K.L.:
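This is the structure, below, for whatever I ask next.
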Amino acid sequence: MGSTAPRPAERVGPVQPHALHRRIGATAQDVSAFLGDFTDITATWPLCQTVLGDAVILLGEFLNNVVEHGDAAPETEIDIAVTLGVAHLRVATVDRGAPLPGDCLAGAVLPDAAAEIDDLPEGGFGWFIIHQIASDIAYERTDDRNCLVFSIPA
């Protein structure tokens, strides 16, 4: 006779229907592939296209910053968790790249765009965009890992 005790998965409860968890390599190719997967998967979530578009922009900025500025070795991985809450999309990333600069979370100022196009700075726009769209940005460096969390109001 079979046991009527719940199986382990049943004890844990149902999987959250609007959650995405991935571990990707810290390469431009892996980030690009993830953003494509993210777009495909979240297209069925009950969110407006503006929020999903904002999420792609922010994820692209955060993940590409890890790749470009995090001094991550090619074998480094980035853990990404995205969940849909009642009034927000919540994103958490963990990586073993270099620590974030101390001033990037304090706020961002748009670089001077009055210059000729060839004289515009190459960087500095990403954190400004992130601060314009995201809320509840939190960062912690623990055990040589960067833990970054942010929300996008839905």
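Because only heavy atoms are used, hydrogens play no part in the values below, and waters and symmetry mates are left out as well, while side chains stay in. As the structure is a prediction and not an experimental result, all values here were calculated from the model.
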K.L.:
Just to verify, which of T42, T39, I57 counts as forming a side-chain contact (heavy atoms from CB on, under 4.5 Å) with L52?
P.N.:
T42
K.L.:
Using side chain to side chain donor-acceptor pair (under 3.5 Å) as the criterion, list what pairs up with R141, not counting sequence neighbours.
P.N.:
N146
K.L.:
Please tell me if the side chains of W45 and L89 come closer than 4.5 Å, counting only heavy atoms from C-beta onward.
P.N.:
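Result yes, sub-4.5 Å side-chain heavy-atom pair found.
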K.L.:
Considering all heavy atoms of both residues, which atom of V51 and which atom of P153 are nearest to each other, and what is their separation?
P.N.:
CG2-O, 3.6 Å
K.L.:
Give, for atom OG1 of T27 and atom CD of E77, the distance between the pair rounded to the nearest 0.5 Å.
P.N.:
11.0 Å
K.L.:
Taking only residues two or more places apart in sequence or in another chain, which ones pass side chain to side chain donor-acceptor pair (under 3.5 Å) with D79?
P.N.:
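Scan of D79 (side chain to side chain donor-acceptor pair (under 3.5 Å), adjacent residues dropped) gives R23.
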K.L.:
Using 0.5 Å steps for rounding, measure from the CG atom of N65 to the CD1 atom of I130.
P.N.:
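Reported value, rounded in 0.5 Å steps: 5.5 Å.
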K.L.:
To the nearest 0.5 Å, how far apart are NE2 in H18 and CG in L20?
P.N.:
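CG of L20 is found 12.5 Å from NE2 of H18.
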K.L.:
Please list, chain by chain and in numerical order, all residues satisfying side chain to side chain donor-acceptor pair (under 3.5 Å) with R90, sequence neighbours excluded.
P.N.:
S151
K.L.:
Classify the ring geometry of F150 against F62: parallel below 30°, tilted from 30° to 60°, perpendicular beyond 60°.
P.N.:
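Taking F62 first and then F150, their aromatic rings lie parallel (interplane angle under 30°).
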K.L.:
Identify the heavy atoms of I24 and D30 that sit nearest to each other, and give their distance.
P.N.:
CD1-O, 4.0 Å
K.L.:
Would you name the heavy atoms of G25 and I78 that are closest together and state the gap between them?
P.N.:
O-CD1, 4.4 Å
K.L.:
Between CG of L59 and CD1 of I80, what distance do you get to the nearest 0.5 Å?
P.N.:
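Spacing of CG (L59) from CD1 (I80) equals 6.5 Å.
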K.L.:
Does any pair with a residue in residues 142-154 pass salt bridge (Lys or Arg N to Asp or Glu O under 4.0 Å), and if so which ones, sequence neighbours excluded?
P.N.:
R96-D144
K.L.:
Rounded to the nearest 0.5 Å, what separation is found between the CD1 atom of I152 and the CG atom of L58?
P.N.:
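These two atoms lie 4.5 Å from each other.
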K.L.:
For P99 and Y139, work out which heavy atoms get closest and say how close.
P.N.:
CA-OH, 3.5 Å
K.L.:
Are V94 and V82 connected in a single hydrophobic cluster, I mean Ile/Leu/Val/Met/Phe/Trp/Tyr linked by side-chain heavy atoms less than 4.5 Å apart?
P.N.:
no
K.L.:
Please say yes or no: joined through hydrophobic side-chain contacts below 4.5 Å, possibly via intermediate residues, are V149 and I137 part of one cluster?
P.N.:
no
K.L.:
Taking side chain to side chain donor-acceptor pair (under 3.5 Å) as the test, write out the residues that go with T142, two or more places apart.
P.N.:
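Listed in chain order: E140.
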K.L.:
Among residues two or more places apart or on two chains, list those pairs meeting salt bridge (Lys or Arg N to Asp or Glu O under 4.0 Å) that have a residue in residues 41-54.
P.N.:
none
K.L.:
Just how far is it from atom CD of E61 to atom CD1 of I133, taken to the nearest 0.5 Å?
P.N.:
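With rounding to 0.5 Å, CD (E61) is 8.5 Å from CD1 (I133).
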